[in-house]
Each structure stands twice: as structure tokens, then as C-alpha cells.
Asks: 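Right, I'll just put the structure down here and ask away after.
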There are 2 protein chains.
Amino acid sequence: MSTRVRDPKRTRRKILEAAYKEFYHHGYQGGSLNNIVKQAGITKGALFHHFPGKSAVAYAIIDEFLLPAVRKWWVDPLTNAEAPINAIKEVFKRFRQRVEKENPENGYVTNGCPICNLAAEMSPLDEGFRTRLDNLYSTWRGAIADALKRGQASGKVRPEVRPPEEAAFLVSAMAGIAATGKTARQLSHYQASIRATNRYLEAMRA
Amino acid sequence: MSTRVRDPKRTRRKILEAAYKEFYHHGYQGGSLNNIVKQAGITKGALFHHFPGKSAVAYAIIDEFLLPAVRKWWVDPLTNAEAPINAIKEVFKRFRQRVEKENPENGYVTNGCPICNLAAEMSPLDEGFRTRLDNLYSTWRGAIADALKRGQASGKVRPEVRPPEEAAFLVSAMAGIAATGKTARQLSHYQASIRATNRYLEAMRA
DNA sequence: GATCTTACCGACCGTCTGGTCGGGGGCAAG
DNA sequence: CTTGCCCCCGACCAGACGGTCGGTAAGATC
């Protein structure tokens with residue numbers, strides 16, 4: 001039984017969850033610690049007890065929420081997948097289905113990709129954000145590049161394909177689709193873009 | 001001869017130029033009117049005489065700086081180009097050369113695409129930004145889609161290509177390349193991405 | 001020269017920001 | 001029962017923010 005009154009891990013987690021939502025909806029610079037504190041149902045003192053400042057909260061979100069999400073969505077499904085192109089298409093499909101089920105008002109269609117949002121806003125402004133997000137993009141790209149490499153080894157991907165370059169392009173394309181998608185604010189934008197991406201993937205098949 | 005003392009058009013322009021730089025380097029929410037006023041060498045009074053508020057300044061930047069830039073870089077070069085794929089590749093080349101000549105510290109490599117930055121930050125937050133930027137993306141996509149359509153008419157682009165869908169994908173890819181590029185902060189990221197995009201374009205050639 | 005409009009100045013305002021700090025109480029060890 | 005550490009509270013702070021407003025004077029109009 002967890003103590004109800006004092007529960008530092010739980011408090012910390014509540015802070016991160018509230019901060020994640022706040023930053024997702026208002027951006028990092030536009031996000032307010034006072035709002036976070038209010039939404040989390042705690043106080044300034046608790047927040048600054050667990051984190052030295054605003055940026056540390058965002059760093060923790062990257063390390064503890066976003067990076068694991070990349071691993072869950074991209075790294076794990078692609079490792080040991082013997083048919084990489086099918087596996088990548090499968091990830092897109094799962095993603096599309098998730099977006100289609102969401103409430104458009106406060107989901108992906110309106111607010112875009114949390115990773116790409118943070119990266120777009122904060123990479124030029126703060127080196128701590130930049131290195132963390134660059135690292136995140138690297139593992140994302142790495143997952144795809146490795147899958148393509150294995151596909152070449154098993155003869156399922158054209159040999160002239162350059163895995164790192166195509167992986168970088170694919171990640172960029174996804175980031176861009178999310179970014180332009182929230183400006184268009186239409187589900188069809190995502191659906192059409194995923195179709196185009198799938199055609200691109202098919203062109204790599206041996 | 002323009003009056004030196006009173007020159008409203010010149011004042012307005014100085015405000016927009018200073019604001020453009022401020023927002024480009026700090027984002028819209030992070031950008032400060034006090035800084036803009038200081039950099040423009042004018043006062044709060046002058047700024048609020050010419051614009052009703054902060055957002056109006058940014059709207060004017062979109063309408064008077066960014067939209068014309070899209071026309072100059074994408075619409076004009078592609079209209080009446082009889083070989084669309086070559087024309088698009090030419091635009092990429094000019095863009096690449098421009099980025100290679102810049103000072104990386106405060107140019108595209110570090111700060112990304114001004115249009116995409118604004119769109120990413122502000123589309124979910126303010127309907128005035130969203131509609132303006134959506135319109136901007138639309139003309140951008142339209143320029144490419146029209147070029148591809150003409151290419152199909154003249155038999156230079158494969159007939160099964162769907163111009164609007166490919167145009168949307170291309171614009172998304174460019175937005176994403178700029179966004180991930182400033183996180184990587186390496187010129188080579190842009191160069192590799194442009195190569196990948198060119199290969200994608202070549203696949204559409206009839 | 002008188003009058004009126006437009007352009008601009010800069011001190012000032014209320015609000016909100018990220019961050020501080022002295023205090024208080026839960027809880028485990030001695 | 002006492003001590004001491006850790007968790008947390010919330011009033012408070014200096015500073016920055018976007019925005020206002022009374023005033024000044026240039027320049028056009030008559």
C-alpha cells in the first residue's frame with residue numbers, strides 16, 4: 001500500500017504528466033509553471049523540490065516520456081523484423097489508426113507530434129534541448145536505417161539504397177507531415193501523406 | 001527626397017524587419033516587443049501606432065515577407081517551366097547554394113525555415129496564424145502540384161502520379177528537413193536530404 | 001499664420017513569469 | 001519520546017511582459 005500523504009514518486013510523476021500536457025498545448029516558452037502546478041494539484045514548492053527549474057522539467061519529459069515512446073513505436077517493432085519495409089508500413093498503419101481514433105480537437109491533428117514540436121521550438125534556443133532531441137532523432141533514424149540494412153542483407157531491399165540517408169529523409173518527412181498537418185488541421189492530410197510515404201517505401205523494395 | 005524626420009513607411013518597415021529577426025531567433029512567444037523596439041531604433045509608441053498589437057506584427061510579416069518569399073522561390077520559377085521536375089530540382093539547388101553560403105551560426109542550419117517555425121509554433125494556438133499559414137502552405141503546394149500537372153500533360157511526368165498528393169508530401173518533407181536540420185545543426189543533413197528528395201523526384205519522371 | 005491630422009515619444013500600468021525561502025509536518029531511526 | 005531528514009506548502013520577490021496614454025511637434029491644408 002502506497003502512503004497517500006507522502007509519495008514523492010507519485011508527485012514527481014504528476015508534475016511530469018501535467019507539464020507534458022501544458023507544453024504540448026502551449027509550447028515550452030508559452031507553457032506556465034503556475035498552470036502546471038495547478039493542473040498537477042500540487043504547489044510551487046513541490047515542483048522546485050523535484051526539479052531545479054523549468055528546463056529541467058522539459059528535459060525529464062524528453063528523457064522519460066519521449067525517448068521511451070520512440071523506442072516503443074519504432075525501435076522495438078523494427079528490431080528483429082525480417083521484412084523491414086512491411087514492418088515500417090505496419091508502424092505507419094498503427095499510427096494512422098491511433099490518430100483516426102483520437103479526438104481531433106486536442107490530438108495529433110491539431111497539436112502535431114510532441115517530439116517535433118519541442119525540437120522545432122527549442123533546438124535553436126537551448127543547447128540542452130538540442131542535444132537531447134538530436135539524440136532522440138538519432139535513435140529514431142537508427143532504428144529505420146538498421147532495419148533497411150538488414151533488409152538489404154536478406155535481399156528484400158534494393159542494394160543501391162543508402163539506409164542512413166533514406167532513414168534521415170523518412171524521419172524528416174514524418175516530422176514535416178506532423179508540422180504541416182496541424183496547420184491544415186485535416187485528417188485527410190495525414191492519410192494522403194501516409195499513402196505517399198508508403199509509395200516511397202515500396203520503391204525501395206528489391 | 002524622403003523626409004528624414006517623419007517617414008511612416010520607413011518606420012513601419014524597420015519595425016517589421018526587426019520583428020522578423022526577433023521572431024526568427026526567439027520564436028513568436030519568446031520574442032519581445034521591447035527588443036524589437038530597441039533593435040528598430042524606435043519606441044513603443046511608434047510600434048503601437050502602426051500595429052494594434054504583437055500578433056498584428058507577426059501577421060504582417062507573414063503577409064508581406066513570407067508569402068512573397070514563397071512566390072519568389074516557388075511560384076514564379078515553376079510557372080511556365082515546361083520541364084517541371086528539372087525546375088523543382090533547380091529550386092532545390094539554388095536553395096542549397098544559398099544555405100552553403102550563409103553563416104551557419106544565425107542562418108538556416110541553426111534556425112531553420114522561418115515559415116515552418118512560425119507554423120509549428122503558432123498554428124495550434126491562434127486561428128489567425130493558422131489560416132494565414134495554411135494559405136501560405138496551400139500556394140506552396142499549389143505551385144508544385146500545377147507544375148506536375150503540366151508535366152503530365154506534356155508527357156514528362158508519369159501519368160499515375162497524383163500531383164496534389166505528391167506536392168503535399170514534398171512540402172511536408174521540406175518542412176521536416178528544415179526542422180530536423182536545425183536540431184542536427186549540420187550542413188550535411190541538408191545536403192543528404194536534398195539528394196534523397198531528388199531521387200524521389202526522379203522516380204516521378206516518365 | 002491658424003488649424004488640424006498624423007507620426008511619434010516614453011513614462012507608466014497591471015499582470016504574469018520563473019524562482020525563492022522560511023516554515024511545518026510525515027515518517028523512520030535511535 | 002526525541003531527533004533529524006525529506007517532502008511539501010504557499011506567500012513572496014524582482015523583473016519582464018504586452019499594452020496604454022497624455023503630450024509634442026512635424027507637415028499638410030486652407
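By convention in this document, chain letters (A, B, ...) are assigned in the order of the sequence lines, proteins followed by strands, and residues within each chain are numbered from 1. Fair warning: this is a prediction, and the values are worked out from it, not measured in the lab.
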Asks: What does A:G30 touch in the nucleic acid at a heavy-atom separation under 4.0 angstrom: a base, only the sugar-phosphate, or nothing?
Replies: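 The answer is nothing, as A:G30 stays clear of every strand by at least 4.0 Å.
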Asks: I'd like to check B:V70 versus B:Y137 (side-chain heavy atoms, cut-off strictly below 4.5 Å). Are they in contact?
Replies: no
Asks: Angle between ring planes, B:W74 versus B:W140, binned at 30° and 60°: parallel, tilted or perpendicular?
Replies: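 Correct class here is tilted.
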Asks: CZ of B:F48 versus P of C:dT6: gap in Å, rounded?
Replies: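 Roughly 21 Å, once rounded to whole Å.
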Asks: Could you tell me whether the side chain of B:R130 and the main chain of A:T183 form a donor-acceptor pair under 3.5 Å?
Replies: yes
Asks: Is the phosphate of C:dC8, meaning OP1 or OP2, less than 4.0 Å from a side-chain N or O of B:T11?
Replies: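 Looking at the OP1 and OP2 atoms of C:dC8, one of them is under 4.0 Å from a side-chain N or O of B:T11.
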Asks: For B:E127, look at atom CD and say whether over 12 heavy atoms of other residues, nucleotides or ligands are found less than 6.0 Å away.
Replies: yes
Asks: I'd like to know if the side chain of A:T180 pairs up with that of B:S172 as donor and acceptor (distance under 3.5 Å, no hydrogens or angles considered).
Replies: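 Yes.
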Asks: Tell me whether B:E17 is salt-bridged to B:K14, with the criterion being a basic N under 4.0 Å from an acidic carboxylate O.
Replies: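 Here B:E17 does not pair with B:K14 in a salt bridge, since their nearest N and O are not under 4.0 Å apart.
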Asks: Could you tell me the separation between the NZ atom of B:K9 and the P atom of C:dC8, rounded to a whole number of Å?
Replies: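 Atom-to-atom, B:K9 to C:dC8, this comes out as 13 Å.
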Asks: Report the distance from atom CD of B:Q29 to atom P of D:dG18, rounded to the nearest whole Å.
Replies: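 Distance check: B:Q29 CD to D:dG18 P gives 11 Å.
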Asks: Could you state the atom-to-atom distance from CZ of B:F23 to C1' of D:dC17 in whole Å?
Replies: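 Roughly 13 Å, once rounded to whole Å.
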Asks: Of the options D:dG18, D:dC9, C:dC8, whose atoms approach the side-chain atoms of B:S32 most closely?
Replies: D:dG18
Asks: Is there any protein nitrogen or oxygen under 3.5 Å from a nitrogen or oxygen in nucleotides 23-25 of chain D, and what are the pairs?
Replies:
from   : atom 1 : to   : atom 2 : distance (Å)
D:dA25 : N3     : B:R6 : NH2    : 2.9

Asks: Please tell me which of the listed nucleotides, D:dG19, D:dC7, C:dA7, lies nearest to the side chain of B:P8?
Replies: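 Out of D:dG19, D:dC7, C:dA7, the nucleotide with an atom closest to B:P8's side chain is C:dA7.
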Asks: To the nearest angstrom, how far is A:H50 atom NE2 from D:dC6 atom P?
Replies: 13 Å
Asks: Could you check which of C:dG19, D:dC8, D:dG18 has an atom nearest any side-chain atom of A:L33?
Replies: C:dG19
Asks: For A:N198 and A:K93, which I'm curious about, is there any donor-acceptor pair between the side chains at under 3.5 Å?
Replies: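 Distance-only check fails for A:N198 and A:K93.
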Asks: Could you give the NZ-to-P distance, from A:K14 to D:dC7, as a whole number of Å?
Replies: 15 Å
Asks: Rounded to whole Å, please give me the gap between CG in A:D7 and P in D:dC6.
Replies: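 Atom CG in A:D7 sits about 17 Å away from atom P in D:dC6.
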Asks: Considering only heavy atoms and no angle criterion, is a donor-acceptor pair shorter than 3.5 Å present between the side chain of B:K44 and the base of D:dG19?
Replies: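 Side chain to base: pair present.
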Asks: Name the closest nucleotide to the B:N34 side chain, picking from C:dG19, C:dC9, D:dG18.
Replies: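 In terms of side-chain proximity for B:N34, the closest of C:dG19, C:dC9, D:dG18 is D:dG18.
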Asks: Please state whether the phosphate of C:dA7, meaning OP1 or OP2, lies under 4.0 angstrom from any side-chain nitrogen or oxygen of B:H49.
Replies: yes
Asks: Specify the separation, in whole Å, of atom NZ of A:K54 and atom P of C:dT20.
Replies: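 Taking NZ of A:K54 and P of C:dT20, I get 15 Å after rounding.
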